[in-house]
Protein chains: 2
Amino acid sequence: MHASLTMKKIAKELGVSVSTVSRALQNHPRIGAQTTEKVQKLARELHYEPNSRAINFKNKKSYNIGVVLPYLTEQYFSIALSGIEETLAGKGYNMVVMQSRNDYERELAAISSLIRHGVDGILVSMASETYNKSHFNDATHKVPIVFFDRVLKHPKYGAVYGDITKAAFDMVQFLITKGHQNIALLNGPNSLQATTEREKGYIDALRYHSLAINQQYIKNLNLTKEDTILKINELLNLATPPEVILAFHDYIALDAMEVCKQRGLKINQDISFVTFSNLSFCSYLDNPPIATVEQFPGELGSQAARLLLEAIEQPETYVPREIVIEPKLIVR
Amino acid sequence: MHASLTMKKIAKELGVSVSTVSRALQNHPRIGAQTTEKVQKLARELHYEPNSRAINFKNKKSYNIGVVLPYLTEQYFSIALSGIEETLAGKGYNMVVMQSRNDYERELAAISSLIRHGVDGILVSMASETYNKSHFNDATHKVPIVFFDRVLKHPKYGAVYGDITKAAFDMVQFLITKGHQNIALLNGPNSLQATTEREKGYIDALRYHSLAINQQYIKNLNLTKEDTILKINELLNLATPPEVILAFHDYIALDAMEVCKQRGLKINQDISFVTFSNLSFCSYLDNPPIATVEQFPGELGSQAARLLLEAIEQPETYVPREIVIEPKLIVR
DNA sequence: CTGTTAGCGCGTTCAG
DNA sequence: CTGAACGCGCTAACAG
């Protein structure tokens, strides 16, 4: 770690002014050819690199984007993150990542930390425990915010998400046409917008096919394994247990499957599962969920990043808007 | 996005000097109680927040740490990343993440981008395609570098990694005592230090138990699925195919298992697998690898972060060193 | 073509 | 107790 080499030093060395050095380094046309050459030569020899902190300071930009999401160890989010990184990198931005762990306080702390660290904008996938949303309002006075996947729908914010209602509708319809009638829903927590939408699609499809809605078939989960075990047992204990279960995502399905197996049920025979995420390892299972909804998390992240960059780079013309990514039903 | 609120404005508003505002905001003892109160009150009302870019600039610190790793969608790395994030967050640092995708050029670009963005230090898990290491040398003149997991062993760099030789030795010994003799190794690429170490442990254990080394049982993979399929087929086509296969990591084992199944072999009966990572979803498999090595990636990341913070915060006393995390054999 | 000056926002030293 | 002045490194408007 050398003592930092500044333009000042190379200016003194060459007996020219700092601004001449500055201009020579950026090939300013109004600088003499041999002066420019002389400066660039010495800069190269000394391995001069401009101090990015000074430049950021002057430009009021850091070219850093904050990302706040529940867990980066969840494959779904890590794929989204990968999409974000790719898009940002292409535009010269870097990505600062923080996990909320689905906790409101942590989400709050993450956002304020990012702002204090001087990011140019923030991408957020909301924590499931976030009921009070005022911190987003505070933050957006400082930097633009765009939501992805777990979004807050409000004209003030950009948002990129999948059409969960349609996905749920399509999924249930598919199950009905396959002859299933007793279809249960292991849904997410109430705090997530998608939970309501998923339930709506589920109910709409049943109604559309003139099937009764059984409220006992609808369970909201808090995303802990314990709760999943509790709720799947409640379903299995019903007088008429479901034949198919729509699970919020693959890990919920896996935990529920375990319980079924322990109770002597054969997966995809006595009971089947379908899910709302399409994680790669499911293809390695002997009895994977029979259908799943691909939500294209990478695309989600990428589009959100693009929207945020627009907000940052064209603030005058930018209008917060929502982008909907069509999910795709995949039958295995 | 408001026009930025600076100390200057609140100073003018109150008819005091900027330095008074500065001092009042940090509760400087030599400022009058009511002045301090007055300043802090207005600052609160106006939601004043110090401009971190200015502070970073002055302090020559960004409190940002760069992390470069192959793929953040690989669970192993995302767990490491999670450990890094947690440790850094506790010390007020944020984490800037970039993927090398195992590509040398991308790794190079990532490191130089991070330096240009002004990070205070860099954590690296090397790309498998990185044969030329000079960029690390260049980079470390600007900021400290600490390696984790896929390390470059050199006195100049800090490094945190698992004792792969011992892990491989223990694993093979376990298999031998279980009565296995024909043990093959689906190893990583040659560019990774761990590949050599794993092979050494494997060979040492066989020798220790006076078993012959069969070079045909040792395969190096380039981590593509195609190559895995190729090499497992080569093993299965041998006159005496192996009974057990040590796989570099779980995804390699899964791909290899697929091939075995297609060829009519029963997993854990005709042929068994053991692996060098312990990914959560394996517990959901009907026939998971019979044993695995837990390498504690979160701990690896966390320790590397701690080491790097030491390098950053106590540069005078810091001496680059290596920290070895003992892997643990897990029998299922 | 090049040097001087000013300023970005903040902390700190030096005066008073 | 408080203000003025300076400097961090770089860029750019303003003078020559």
Side-chain angles (χ1 to χ4, degrees), chain A residues 1-43 46-64 115-120 142-143, chain B residues 1-40 42-43 46-64 92 115-120 142-143:
Chain A
M1 274 56 63
H2 291 164
S4 56
L5 169 64
T6 71
M7 293 199 317
K8 193 195 283 183
K9 285 182 193 142
I10 107 155
K12 184 178 293 176
E13 187 75 23
L14 258 39
V16 297
S17 79
V18 183
S19 47
T20 300
V21 175
S22 170
R23 285 188 275 238
L25 255 19
Q26 39 189 326
N27 287 311
H28 192 113
R30 301 191 320 189
I31 295 286
Q34 71 273 31
T35 310
T36 301
E37 180 49 39
K38 187 174 64 174
V39 169
Q40 294 194 353
K41 181 161 172 291
L42 184 61
L46 267 42
H47 294 106
Y48 168 79
E49 297 219 28
N51 180 326
S52 54
R53 280 185 271 264
I55 296 174
N56 290 342
F57 171 51
K58 231 194 134 20
N59 296 343
K60 304 172 188 309
K61 275 196 74 167
S62 64
Y63 289 91
N64 279 148
I115 290 180
R116 266 184 288 109
H117 278 72
V119 297
D120 297 335
K142 313 278 292 182
V143 294
Chain B
M1 274 55 65
H2 292 166
S4 56
L5 169 65
T6 71
M7 295 201 312
K8 192 195 284 182
K9 285 182 192 143
I10 109 150
K12 184 179 295 177
E13 186 76 23
L14 260 37
V16 296
S17 78
V18 183
S19 45
T20 301
V21 175
S22 170
R23 284 187 276 236
L25 255 19
Q26 40 190 329
N27 288 310
H28 192 115
R30 299 191 320 187
I31 295 288
Q34 71 275 29
T35 310
T36 301
E37 180 50 36
K38 189 174 62 174
V39 169
Q40 294 194 352
L42 186 62
L46 269 41
H47 294 105
Y48 169 78
E49 297 218 30
N51 180 325
S52 55
R53 280 185 271 265
I55 296 174
N56 290 343
F57 171 50
K58 246 199 111 42
N59 296 344
K60 303 171 188 309
K61 275 196 74 168
S62 64
Y63 288 93
N64 279 147
I115 290 179
R116 267 182 290 108
H117 277 72
V119 297
D120 297 335
K142 312 280 292 181
V143 295

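Computed from a prediction, not measured in an experiment: that's the story for all the values here.
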Between the base of D:dT2 and the side chain of B:T35, is there a donor-acceptor distance below 3.5 Å?
->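 Looking at the base of D:dT2, it does not pair with any donor or acceptor on the side chain of B:T35 (distance under 3.5 Å).
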Closest heavy-atom pair, B:T6 versus B:Y48, reported as atoms and distance to 0.1 Å, is C-CE1, 3.9 Å
Heavy atoms only: give me the nearest B:L46-B:L5 pair and the separation to one decimal.
-> O-CD2, 3.3 Å
First locate atom CG of B:D120, then atom CZ of A:R53, and finally report the distance between them rounded to the nearest 0.5 Å.
-> 5.5 Å
Start at the 5' end of DNA chain C and walk down; is the nucleotide closest to A:P29 or to B:I55 reached first?
->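 Its nucleotide being nearer the 5' end, the pick is A:P29.
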For A:G32 and for B:S22, locate the closest nucleotide of DNA chain C by heavy-atom distance; then report the residue assigned to the nucleotide nearer the 5' terminus.
-> A:G32
Find the distance [X]:[atom1] to [N]:[atom2] and express it as a whole number of Å.
{"X": "B:K58", "N": "C:dT13", "atom1": "NZ", "atom2": "P", "result": "10 Å"}
{"X": "A:M7", "N": "D:dG9", "atom1": "CE", "atom2": "P", "result": "10 Å"}
{"X": "B:K12", "N": "D:dG3", "atom1": "NZ", "atom2": "P", "result": "15 Å"}
{"X": "B:K38", "N": "D:dT2", "atom1": "NZ", "atom2": "C1'", "result": "11 Å"}
{"X": "A:I10", "N": "D:dG9", "atom1": "CD1", "atom2": "P", "result": "14 Å"}
{"X": "B:N27", "N": "D:dC1", "atom1": "CG", "atom2": "C1'", "result": "15 Å"}
{"X": "B:H28", "N": "D:dT2", "atom1": "NE2", "atom2": "C1'", "result": "10 Å"}
{"X": "B:N56", "N": "C:dC10", "atom1": "CG", "atom2": "C1'", "result": "11 Å"}

Hey, does the side chain of B:Y48 come within less than 4.0 Å of C:dC10's phosphate (OP1/OP2), counting only N and O?
->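 Checking B:Y48 against C:dC10: at least one side-chain N or O falls below 4.0 Å of OP1 or OP2.
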Which is it for A:N64 and B:H117 under the side-chain contact (heavy atoms from CB on, under 4.5 Å) test, yes or no, and what are the steps along the way?
-> CA-CA 8 Å; A:N64 279 148; B:H117 277 72; 3.5 Å; yes
Proximal nucleotide (of [options]) relative to the [X] side chain:
{"X": "B:K8", "options": "C:dC8, C:dT12, C:dG9", "result": "C:dC8"}
{"X": "B:P50", "options": "D:dA5, C:dC14, C:dC10", "result": "C:dC10"}
{"X": "A:S19", "options": "C:dT2, C:dT4, D:dC8", "result": "C:dT4"}
{"X": "B:K60", "options": "D:dA5, D:dC8, C:dG3", "result": "D:dC8"}

With a 4.0 Å cut-off on heavy atoms, is [X] in touch with a base, just the backbone sugar-phosphate, or nothing at all?
{"X": "B:R53", "answer": "nothing"}
{"X": "A:V16", "answer": "sugar-phosphate"}
{"X": "B:T6", "answer": "sugar-phosphate"}

In terms of the nearest nucleotide of DNA chain D, which residue is placed more toward the 5' end: B:S17 or B:A54?
->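 Taking each residue's closest nucleotide, the earlier one in sequence belongs to B:S17.
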Distance-only, no hydrogens or angles: does the A:E49 side chain make a donor-acceptor pair with backbone N or O of B:R116 under 3.5 Å?
-> no
